[in-house]
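Every chain is numbered from 1 and lettered A, B, ... according to where its sequence line falls, protein lines coming before strand lines.
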Amino acid sequence: MSSNLLNPSFYKRTAKEVARSLIGTILVSRIAGLRVSGMVVETEAYLATRDAASHGTQGPNRKNRSMFGPAGRAYVYPIHARYCFNAVTGIEGIASAVLIRAVEPIDGIKVMQQRRQRESLKLLTSGPARLCEAFALNRQQDGISLTTRRTTWLEQNPAFTADPKSLRATRRIGVTSAKNLKLRFVLRGNLFVSGPRYLG
DNA sequence: CCACGGATGCGCT
DNA sequence: GCGCATCCGTGGA
């Protein structure tokens with residue numbers, strides 16, 4: 001049971017490795033007494049070096065501080081009046097993280113529908129800010145540990161076997177710099193992957 | 001299915 | 001003001 005919980009050493013790797021490894025794992029939140037979960041099907045890595053799109057490139061400030069913290073904590077930031085959720089990776093003091101861009105809903109679908117004000121399963125969690133709303137993630141979760149089962153965490157999924165053919169790397173979505181790096185990972189063909197179909 | 005434009009709040013110039 | 005790791009509704013193929 002608790003052996004499924006992803007531990008700090010899982011996150012103490014490069015953002016690219018962690019982004020790839022997170023595909024197929026299970027994201028869980030238990031907030032306001034409501035538990036929801038989903039399988040991670042899309043991630044993006046934001047690197048410690050040579051990545052102009054990373055929020056860490058300007059050095060630490062109040063907004064991005066948790067990105068410089070120890071691996072296995074959350075980095076939640078606001079954008080366009082919404083929130084996006086990251087897992088911090090790598091070495092403490094150097095900013096790197098993995099953005100969770102989409103999950104496939106598993107438990108708590110009614111709760112997600114209520115929070116999202118939508119019925120359609122496809123629109124509940126297919127996008128970084130959509131899944132934050134469905135999982136009730138916001139700045140209150142910024143900096144919290146993901147390696148205890150407190151409010152938000154990630155688990156290994158025993159039912160999922162990573163078929164290398166189903167894992168695909170593409171360019172990241174929405175970034176205005178470092179566009180050409182292939183740091184987005186998706187489960188090929190999964191209905192809940194965000195963005196245009198031709199990107200994989 | 002895809003492209004487009006407007007809305008949204010925050011931090012910085 | 002403006003940019004932003006976004007979302008949603010609309011309109012056309």
Review point. Is any NZ, NE, NH1 or NH2 atom of the basic residue among Arg116(A) and Glu133(A) found under 4.0 Å from an Asp or Glu carboxylate oxygen of the other?
Key: yes
Review point. Dot-bracket, DNA chain B: Watson-Crick or G-U, under 3.5 angstrom, [ ] crossing, | other strand?
Key: |||||||.||||.
Check your understanding: Any donor-acceptor pair under 3.5 Å linking the side chain of Glu44(A) with the backbone of Ile173(A)?
Key -> yes
Exercise for review: Can you tell me the distance, in whole Å, between the CZ atom of Arg172(A) and the P atom of dT6(C)?
Suggested key: 11 Å
Check your understanding: Would you say dA5(C) has OP1 or OP2 under 4.0 Å from some side-chain N or O of Thr176(A)?
Key -> yes
Study note, to complete from the structure: When rounded to whole Å, the NZ to C1' distance for the pair Lys63(A) and dT13(B) reads 13 Å
Review point. Using a cut-off of 4.0 Å between protein heavy atoms and nucleotide atoms, how would you tag nucleotides 7-13 of chain C 5' to 3' with B, S and -?
Key: SSS----
**Study point:** Interatomic distance where NE2 belongs to His80(A) and P belongs to dT8(B) [whole Å]
**Key:** 14 Å
Review point. Under 6.0 Å from the CD1 atom of Ile91(A), do we count more than 12 heavy atoms belonging to anything else shown?
Key: no
Practice item. May I ask you to establish whether Arg172(A) and Tyr46(A) are in a cation-pi arrangement, using a distance under 6.0 Å from NZ or CZ to the six-membered ring centre and at most 45° from the ring axis? Key: yes
Practice item. Answer yes or no on whether Arg73(A) is positioned over the face of Tyr75(A), meaning its NZ or CZ is under 6.0 Å from the six-membered ring centre and within 45° of the axis. Key: no
Review point. For the base of dA5(C), is there a side-chain donor-acceptor partner from His55(A) under 3.5 Å away?
Key: yes
Exercise for review: Take the protein atom CZ of Arg171(A) and the nucleotide atom C1' of dA5(C), then report the distance between them rounded to whole Å.
Suggested key: 16 Å
Review point. How many Å lie between CG on Asn64(A) and P on dG3(C), as a whole number?
Key: 21 Å
